Chemist: 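Attaching a single structure in structure tokens format; questions to follow.
Worth saying up front: this structure is predicted, and the values here are computed from it rather than measured.
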Amino acid sequence: MKVGVIDIGTLKVKMLLGEWRGEEFKEIYQSNALSCLGVRMNENNNRPFEENIKKLIEILKECKRVIKENKVKKVRVVSTHALREMGEEGQKIANRIKKECGLKVEIISQEEEANLFFKGVMQDFDDEQDFTIVDVGGGSVQVLIGNKKELKNMYLFKTGAQYLMDVYTSKQGGEDHPEWEEMEKMKDFVKSKLSVLPKGLRTPVIYGSSCILDVFKELNLEMEEYCGSKSHTAKCKIEMLKSFYEEIVPIPYRERDKRYLPNREYYMWGLDKALVNILTICEIVDSPFVIPSNANINLGLIASLK
């Protein structure tokens with residue numbers, strides 16, 4: 001049976017289509033489109049700007065066209081932080097999506113989002129070892145501790161990359177870049193929120209957010225082979241990530257795009273804020289290394305349609 005899932009996030013719309021053949025899922029199509037739905041909502045009474053809603057609608061219309069073209073019969077569409085934060089207003093936008101695109105949107109809780117991510121990441125890891133699994137989104141951050149057999153602890157935060165940018169810096173892009181003082185304020189805020197995490201676990205940190213392993217490769221970051229998972233094939237040192245963070249912060253946003261990831265527009269604009277979360281978590285749990293992950297909640301959603 002052909003199935004499809006769409007995740008409407010704070011910054012992007014991610015779609016995955018494929019087919020279950022017994023116990024095996026075969027991917028037939030995936031996309032990752034930038035909507036900027038949740039950007040600067042704090043300046044607009046905690047709701048998206050109309051231009052971003054319209055952009056989202058156009059992306060979802062294209063998703064619907066691809067779903068129809070591939071004759072996908074069963075589709076699950078969810079929204080996470082952006083619509084979740086708006087309450088009734090978020091449901092109005094979900095209703096508008098249903099009317100204009102013919103797609104029914106579930107606004108899922110942060111707990112369900114975390115569980116879906118955990119299932120997506122841990123499906124081919126070793127049963128014995130515990131990990132600290134981190135999903136860094138535009139608005140929210142989920143920190144999960146467990147192994148393939150069980151999710152032991154769940155910690156949910158509102159320290160996502162776009163949220164930090166909106167609250168702590170007025171420099172939203174272009175030729176600007178955040179000042180060190182602004183980044184230090186972000187770090188202090190993240191440390192205060194994440195201080196509830198258990199200290200000294202010595203667990204590897206798995207850092208995921210849809211394409212992190214691919215991004216690390218494109219950035220030519222130094223990595224070593226990791227053999228504990230078929231889909232997670234590399235690990236990197238904490239000190240290397242610290243050095244990279246310190247390297248990119250003084251560089252204007254637009255120059256970052258050109259220099260590091262010219263084929264991923266705007267991606268570098270939030271990576272420093274994501275690394276603030278990751279490096280803080282690594283420090284608290286005393287992680288030996290970081291495993292970059294391409295996993296996202298769509299893999300968990302696909303499993304729910306099996």
Side-chain angles (χ1 to χ4, degrees), residues 1-9 12-33 35 59-80 97-98 101-109 111-129 131 133-135 137 142 144 146-151 204 206-218 225-235 263-264 291-306:
M1 180 178 65
K2 289 184 179 180
V3 297
V5 293
I6 299 173
D7 168 25
I8 303 170
K12 299 178 181 179
V13 177
K14 292 171 279 193
M15 181 169 72
L16 175 61
L17 307 180
E19 187 174 12
W20 279 108
R21 296 178 180 177
E23 295 298 312
E24 183 181 357
F25 175 76
K26 183 178 180 181
E27 178 185 313
I28 57 177
Y29 182 89
Q30 69 167 319
S31 61
N32 196 337
S35 71
I59 291 170
L60 291 174
K61 285 180 178 178
E62 174 61 15
C63 289
K64 184 66 180 293
R65 185 194 67 77
V66 174
I67 287 168
K68 186 175 180 180
E69 183 180 86
N70 284 277
K71 299 179 180 179
V72 175
K73 299 299 182 183
K74 194 171 185 180
V75 180
R76 189 176 179 192
V77 184
V78 304
S79 179
T80 52
I97 291 170
K98 177 68 183 301
C101 306
L103 295 169
K104 182 180 179 181
V105 180
E106 303 173 52
I107 302 175
I108 63 174
S109 68
E111 289 82 0
E112 183 173 0
E113 181 182 0
N115 272 295
L116 288 166
F117 181 70
F118 181 79
K119 291 175 183 177
V121 171
M122 295 305 297
Q123 56 187 347
D124 67 353
F125 272 89
D126 180 74
D127 287 348
E128 302 300 325
Q129 185 176 12
F131 295 89
I133 305 104
V134 187
D135 181 13
Q142 287 72 241
L144 314 168
N147 54 51
K148 186 175 181 179
K149 289 183 178 179
E150 63 173 325
L151 171 56
I206 302 173
Y207 168 27
S209 182
S210 78
C211 58
I212 300 302
L213 176 56
D214 291 342
V215 164
F216 277 26
K217 289 177 179 178
E218 291 171 31
E225 183 180 6
Y226 179 73
C227 301
S229 162
K230 292 179 181 178
S231 59
H232 299 78
T233 57
K235 63 181 180 179
N263 296 321
R264 293 183 185 271
I291 301 170
S293 173
N294 284 340
N296 56 59
I297 71 168
N298 277 352
L299 294 175
L301 288 167
I302 283 290
S304 75
L305 296 177
K306 186 176 178 181

Chemist: In this structure, which one of Val75, Leu305, Leu299 forms a side chain to side chain contact (heavy atoms under 4.5 Å, CB included) with Val5?
Modeler: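 Of Val75, Leu305, Leu299, side chain to side chain contact (heavy atoms under 4.5 Å, CB included) with Val5 is met by Leu305 alone.
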
Chemist: CG of Leu103 to CD1 of Ile67: how many Å apart, nearest 0.5 Å?
Modeler: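 One finds 5.5 Å between CG of Leu103 and CD1 of Ile67.
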
Chemist: Apply the side chain to side chain contact (heavy atoms under 4.5 Å, CB included) test between Pro292 and each candidate in Asp214, Thr233, Ile212, Val215; give the one that qualifies.
Modeler: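 Checked Asp214, Thr233, Ile212, Val215 against Pro292; only one passes side chain to side chain contact (heavy atoms under 4.5 Å, CB included): Ile212.
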
Chemist: Just how far is it from atom CD1 of Ile297 to atom CG of Leu16, taken to the nearest 0.5 Å?
Modeler: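 If we round to the nearest 0.5 Å, Ile297:CD1 and Leu16:CG are 11.5 Å apart.
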
Chemist: Starting from the C-alpha separation in whole Å, work towards a yes-or-no answer on side chain to side chain contact (heavy atoms under 4.5 Å, CB included) for Ile107 and Val78.
Modeler: CA-CA 6 Å; Ile107 302 175; Val78 304; over 6 Å; no

Chemist: Minimum heavy-atom separation for Phe118 to Glu150, with atom names?
Modeler: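 Reported closest heavy-atom pair: CZ-O, 3.5 Å.
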
Chemist: Quick check: does any side chain N or O of Lys235 sit under 3.5 Å from a backbone N or O of Ile291, one acting as donor and the other as acceptor?
Modeler: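 Judged by distance alone, no pair lies under 3.5 Å.
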
Chemist: Should Val77 and Glu106 count as side-chain neighbours, where that means a heavy-atom distance under 4.5 Å?
Modeler: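 No, every pair of side-chain atoms sits at 4.5 Å or beyond.
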
Chemist: Does atom NZ of Lys14 have more than 12 heavy-atom neighbours from other groups under 6.0 Å away?
Modeler: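 Yes, the 6.0 Å shell around NZ holds more than 12 heavy atoms from other groups.
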
Chemist: Is there a side-chain contact between Met15 and Tyr29 in this structure, where contact means two heavy atoms from C-beta onward sitting under 4.5 Å apart?
Modeler: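 They are in contact (side-chain heavy atoms under 4.5 Å apart), so the answer is yes.
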
Chemist: Between Lys2 and Lys73, is the side chain to side chain contact (heavy atoms under 4.5 Å, CB included) condition met? List the steps.
Modeler: CA-CA 6 Å; Lys2 289 184 179 180; Lys73 299 299 182 183; 5.6 Å; no

Chemist: Apply side chain to side chain contact (heavy atoms under 4.5 Å, CB included) to residues Leu17 and Val3 and explain how you reach the verdict.
Modeler: CA-CA 6 Å; Leu17 307 180; Val3 297; over 6 Å; no

Chemist: How many angstroms lie between atom CD of Glu113 and atom OG of Ser79, to the nearest 0.5 angstrom?
Modeler: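 Taking CD in Glu113 and OG in Ser79, the distance rounds to 9.0 Å.
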
Chemist: Does the distance from a Lys or Arg side-chain N to an Asp or Glu carboxylate O, for Lys26 and Glu24, drop under 4.0 Å?
Modeler: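 No, Lys26 and Glu24 are not salt-bridged.
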
Chemist: Does any part of the side chain of Lys148, heavy atoms only, come nearer than 4.5 Å to the side chain of Gln123, both counted from C-beta?
Modeler: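 The answer is no, as the side chains (C-beta and beyond) never meet within the 4.5 Å cut-off.
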
Chemist: What's the spacing between Glu62 CD and Ser31 OG if we round to 0.5 Å?
Modeler: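 One finds 8.0 Å between CD of Glu62 and OG of Ser31.
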
Chemist: Between Cys101 and Leu60, what is the shortest heavy-atom contact and its length?
Modeler: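 Nearest pair, atom of Cys101 first, then Leu60: SG-CB, 3.8 Å.
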
Chemist: Have a look at Ser231 and tell me which of Asp124, Leu213, Val121, Asn294 forms a side chain to side chain contact (heavy atoms under 4.5 Å, CB included) with it.
Modeler: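 That would be Asp124; it is the only one of Asp124, Leu213, Val121, Asn294 passing the side chain to side chain contact (heavy atoms under 4.5 Å, CB included) with Ser231.
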
Chemist: Do the side-chain N and O atoms of Asn298 and Asp7 include a donor-acceptor pair separated by under 3.5 angstrom?
Modeler: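 Result is no, nothing qualifies.
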
Chemist: Do Met122 and Ile206 come within less than 4.5 Å of each other through their side chains, counting heavy atoms only?
Modeler: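 Yes, their side chains come closer than 4.5 Å.
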
Chemist: Output yes when Lys119 and Glu112 qualify as a salt bridge under the 4.0 Å nitrogen-oxygen rule, no when they do not.
Modeler: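 Not counted as a salt bridge, because no side-chain N and carboxylate O are separated by less than 4.0 Å.
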
Chemist: Heavy atoms only: give me the nearest Ile6-Cys63 pair and the separation to one decimal.
Modeler: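 In this case the closest contact between Ile6 and Cys63 is CD1-CB, 3.9 Å.
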
Chemist: Does Asn70 reach the main-chain N or O of Val72 with its side chain, forming a donor-acceptor pair under 3.5 Å?
Modeler: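 Answer holds: no.
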
Chemist: Is there a side chain to side chain contact (heavy atoms under 4.5 Å, CB included) between Gln142 and Val134? Walk through the geometry before answering.
Modeler: CA-CA 6 Å; Gln142 287 72 241; Val134 187; over 6 Å; no

Chemist: So, do Ile97 and Ile8 sit near enough that their side-chain heavy atoms are less than 4.5 Å apart?
Modeler: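 Yes - at least one pair of side-chain heavy atoms lies under 4.5 Å apart.
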
Chemist: When you compare the side chain of Lys104 with that of Lys98, does any pair of heavy atoms fall below 4.5 Å?
Modeler: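 Side-chain contact under 4.5 Å: yes.
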
Chemist: What's the shortest heavy-atom distance between Leu144 and Ala114, and which atoms?
Modeler: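 The answer is CD1-O, 3.3 Å.
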
Chemist: Are Phe125 and His232 an aromatic pair, judged by ring center distance below 6.0 Å?
Modeler: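 Here the rings of Phe125 and His232 have centres that are less than 6.0 Å from each other.
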
Chemist: Measure from the side-chain N and O atoms of Asp135 to the backbone N and O of Phe117, and report whether any donor-acceptor pair falls under 3.5 Å.
Modeler: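 Not at all, since once roles are kept as given, no pair shorter than 3.5 Å links the two residues.
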
Chemist: Drop me the distance from Glu218's CD to Arg264's CZ, to the nearest 0.5 angstrom.
Modeler: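 So the gap between those two atoms works out to 4.0 Å.
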
Chemist: Do Tyr207 and Ile133 touch side chain to side chain, with heavy atoms closer than 4.5 Å?
Modeler: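 Result no, sub-4.5 Å side-chain heavy-atom pair not found.
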
